[in-house]
Amino acid sequence: MSDARAAVAAVVDPEIRVVTIEDLGILRDVEVEPGTGRVVVTITPTYTGCPAMDVIRADIRRAVTAAGHPDVEVRTVHSPAWSTDWISDAGRAKLAAAGIAPPAPVRRDGVVPLTLTVRCPRCGSPETEQLSRFGSTACKALWRCRACSEPFDTVKAL
């Protein structure tokens, strides 16, 4: 892995500080152009209009520059659209360890199944209820465990 790629892969998501943009699958590609040394980073937002994208772009530029590459371009692509299936296993584990329920896989035909229950990331109980379709960020929902009474966020499946 190049130093530029490693620098970008370590950029932390500004809304979910326990995972990196690589863990979330936002990071699509990092290329160092031969001859010029220009670094081109390609990212896909979790959803169109995500308010964190400006911060993510700035953090990428800062990380790549600190790694010794002053010429940085950050490209945003929307196709194919980001999916929660792009979250890595490490990212899912980090979310769960932080008390955020990772999303269930999306079906291969692109249909997002209705979530009737989510396992509590603290005690593992399926006895949970949705309190609000919107959590601390637009990409999360707020749930509560009936077994341990703890509230928790879950990343919405897309």
Side-chain angles (χ1 to χ4, degrees), residues 1-108 110 112 115 118-124 131-143 150-158:
M1 179 183 313
S2 75
D3 59 338
R5 170 126 187 129
V8 176
V11 170
V12 174
D13 181 78
E15 291 184 328
I16 309 173
R17 307 276 316 156
V18 298
V19 291
T20 66
I21 62 171
E22 183 173 59
D23 292 332
L24 283 178
I26 293 170
L27 177 59
R28 299 276 298 272
D29 193 25
V30 178
E31 294 178 38
V32 179
E33 293 179 350
T36 66
R38 179 179 205 183
V39 176
V40 179
V41 179
T42 306
I43 57 175
T44 296
T46 55
Y47 66 95
T48 303
C50 174
M53 292 311 293
D54 287 339
V55 174
I56 291 171
R57 284 185 204 95
D59 289 350
I60 289 170
R61 286 186 190 96
R62 195 171 13 263
V64 174
T65 300
H69 303 274
D71 190 5
V72 184
E73 177 186 352
V74 181
R75 294 181 183 160
T76 302
V77 296
H78 295 97
S79 181
W82 179 84
S83 165
T84 48
D85 284 347
W86 294 3
I87 299 173
S88 69
D89 290 341
R92 290 174 186 279
K94 289 176 185 178
L95 289 169
I100 302 169
V106 175
R107 290 182 7 197
R108 296 231 182 252
V112 179
T115 300
V118 174
R119 286 202 174 270
C120 175
R122 291 175 176 38
C123 73
L131 298 178
S132 175
R133 180 78 178 117
F134 299 97
S136 58
T137 64
C139 60
K140 295 185 283 187
L142 181 61
W143 287 67
E150 288 293 320
F152 62 93
D153 277 335
T154 184
V155 176
K156 297 175 191 175
L158 295 175

Closest heavy-atom pair and its distance - [X], [Y]:
X      : Y      : answer
Gly37  : Val32  : O-CG1, 3.9 Å
Ile100 : Ile16  : CD1-CG2, 3.8 Å
Thr84  : Pro103 : CB-CG, 3.5 Å
Arg119 : Gly124 : NH1-O, 2.6 Å
Val19  : Gly91  : CG1-O, 3.8 Å
Pro121 : Ala101 : CG-N, 3.9 Å

Measuring from [X]:[atom1] to [Y]:[atom2], what's the distance to the nearest 0.5 Å?
X     : Y     : atom1 : atom2 : result
Cys50 : Glu15 : SG    : CD    : 5.0 Å
Ile26 : Ile43 : CD1   : CD1   : 7.5 Å
Ile60 : Thr65 : CD1   : OG1   : 11.5 Å

The criterion is side-chain hydrogen bond (donor to acceptor under 3.5 Å, both in side chains); which residues satisfy it with [X], sequence neighbours excluded?
X      : value
Glu150 : none
Asp13  : none
Arg122 : none
Ser79  : none

Is the backbone of Ala141 close enough, under 3.5 Å, to the side chain of Thr154 for a donor and an acceptor to pair up by distance?
no

Please list, chain by chain and in numerical order, all residues satisfying side-chain contact (heavy atoms from CB on, under 4.5 Å) with [X], sequence neighbours excluded.
X      : value
Ser83  : Asp85, Trp86, Val106
Val77  : Arg28, Thr42, Thr44
Ala96  : Pro102
Leu142 : Leu131, Ser132, Pro151, Asp153

Under the salt bridge (charged side-chain N to carboxylate O under 4.0 Å, His left out) rule, what pairs show up with a residue in [range], not counting sequence neighbours?
range           : answer
residues 46-57  : Asp54-Arg57
residues 86-103 : Asp23-Lys94
residues 70-83  : Arg38-Asp71, Arg38-Glu73, Glu73-Arg75

Lys156 meets the salt bridge (charged side-chain N to carboxylate O under 4.0 Å, His left out) criterion, sequence neighbours left out, with none

Is any side-chain heavy atom of [X] less than 4.5 Å from a side-chain heavy atom of [Y]?
X      : Y     : answer
Val155 : Leu24 : no
Thr48  : Trp82 : no
Pro14  : Ile56 : yes

